[in-house]
There are 2 protein chains.
Amino acid sequence: MAPKRGKAKVAPETESGDDSDEYRKKRDRNNLAVKRSRIKSKQKTQETVNRVTQLKSENTVLEEKVKNLTKELGFLKELFLAHAGSAGDASKFEGIDLQKLLSDPSDGASTSNS
Amino acid sequence: MAPKRGKAKVAPETESGDDSDEYRKKRDRNNLAVKRSRIKSKQKTQETVNRVTQLKSENTVLEEKVKNLTKELGFLKELFLAHAGSAGDASKFEGIDLQKLLSDPSDGASTSNS
DNA sequence: CTTAATTGCGCAATGG
DNA sequence: TCCATTGCGCAATTAA
């Protein structure tokens with residue numbers, strides 16, 4: 001539908017003069033409702049924007065955690081393997097499958113969750 | 001400023017008839033601009049909403065990672081301490097400060113990052 | 001049916 | 001001067 005010019009004078013055609021009071025009251029009420037609705041809408045939008053900021057922040061923290069945990073884990077694994085290897089006794093850990101244990105399950109490839 | 005009734009007929013008061021053409025052209029162009037602007041605005045809002053969804057998702061993945069890493073780390077630490085303790089030789093790891101190493105630096109309490 | 005909330009739209013003021 | 005943005009009112013539609 002193109003631009004659409006003329007628009008006014010299409011409503012209070014039925015009656016006028018007497019019910020004009022009623023008409024205005026209705027219009028005023030609606031205008032207030034519109035105002036309320038738009039304020040509410042803007043608030044919601046703003047909250048969404050804030051939520052993005054908050055989530056970004058949480059994400060940064062979590063990424064830092066993952067980084068640190070991964071680093072520490074890598075360190076322990078190295079130490080683990082070095083010890084088991086140099087001492088020539090991998091059996092000290094009672095047949096634990098180090099290969100599997102020391103691979104990296106941290107990328108959520110598992111289906112087994114508690 | 002309260003409700004504010006009457007509003008129409010306050011603009012093309014200067015001239016009329018001749019420049020009416022120009023007036024309408026202007027109005028039409030502005031109406032298009034308004035439409036464009038509002039579409040753009042809605043798109044931006046929608047993108048923000050989508051961003052929230054995306055970030056929530058990323059967050060879930062990261063939390064899962066932290067959970068898995070923490071679990072694995074805990075397991076390795078236990079194994080580590082058990083071995084060092086039962087065998088009575090904590091020195092096998094060349095004086096490494098297990099207390100410090102095995103505490104948990106994953107909660108970003110440190111100021112020293114590589 | 002009555003009222004409040006939403007929504008699309010045009011007008012005008014204002015920003016750039 | 002032109003276009004973009006924004007506050008505001010009107011009316012149609014939707015939801016209570």
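A note on names: the letters A, B, ... follow the listed sequences, proteins ahead of strands, and every chain is numbered from 1.
- Under 3.5 Å, the side chain of A/Arg38 and the base of D/dG9 form at least one donor-acceptor pair of N or O atoms.
- Using a 4.5 Å cut-off on side-chain heavy atoms (C-beta onward), B/Arg38 and B/Gln43 make no contact.
- Look at A/Glu72 and B/Lys77 and you find a salt bridge, because one of the NZ, NE, NH1 or NH2 atoms lies within 4.0 Å of a carboxylate O, short of that distance.
- With respect to the salt-bridge test (charged N to carboxylate O, under 4.0 angstrom), the residues B/Glu47 and B/Lys42 do not qualify.
- Side-chain to base pairing of A/Asn30 with C/dA4: no donor and acceptor N or O lie closer than 3.5 Å to each other.
- Nucleic acid contact class of B/Arg36 (heavy atoms, under 4.0 Å, all strands): sugar-phosphate only.
- Closest approach to the A/Val34 side chain among C/dC11, D/dA4, C/dT7 is made by C/dT7 (side chain taken as heavy atoms from C-beta onward).
- Electrostatic pairing of B/Asp21 and B/Lys25 does not count as a salt bridge here, judged by no charged N lying under 4.0 Å from a carboxylate O.
- Looking at which nucleotide of DNA chain D each of A/Arg27 and B/Ala33 is closest to, the 5′-most match is held by B/Ala33.
- Within the 4.0 Å cut-off from OP1 or OP2 of D/dT5, at least one side-chain nitrogen or oxygen of B/Ser37 is found.
- Following rounding to the nearest Å, B/Leu32 (CG) and C/dC11 (C1') show an atom-to-atom distance of 14 Å.
- Looking at which nucleotide of DNA chain D each of B/Lys26 and B/Lys40 is closest to, the 5′-most match is held by B/Lys26.
- Nearest to the side chain of B/Lys35, among C/dG10, D/dT6, C/dA5, sits C/dG10.
- Heavy atoms of B/Lys25 sit nowhere under 4.0 angstrom from any nucleic acid atom.
- Residues A/Asn50 and A/Gln54 bring no donor and acceptor atom of their side chains to less than 3.5 Å of each other.
- Between B/Tyr23 and C/dG10 there is no side-chain polar atom (N or O) within less than 4.0 angstrom of OP1 or OP2.
- In this structure, NZ of B/Lys42 is placed 14 Å from P of D/dT6, rounded to the nearest angstrom.
- You'll find that the side chain of B/Asn31 is closest to C/dC11, out of D/dA11, C/dA5, C/dC11.
- Side-chain proximity of B/Arg29 to C/dT3, D/dC3, D/dC10: nearest is D/dC3.
- Going from atom CD1 of B/Ile39 over to atom P of D/dC3 covers 17 Å, rounded to whole Å.
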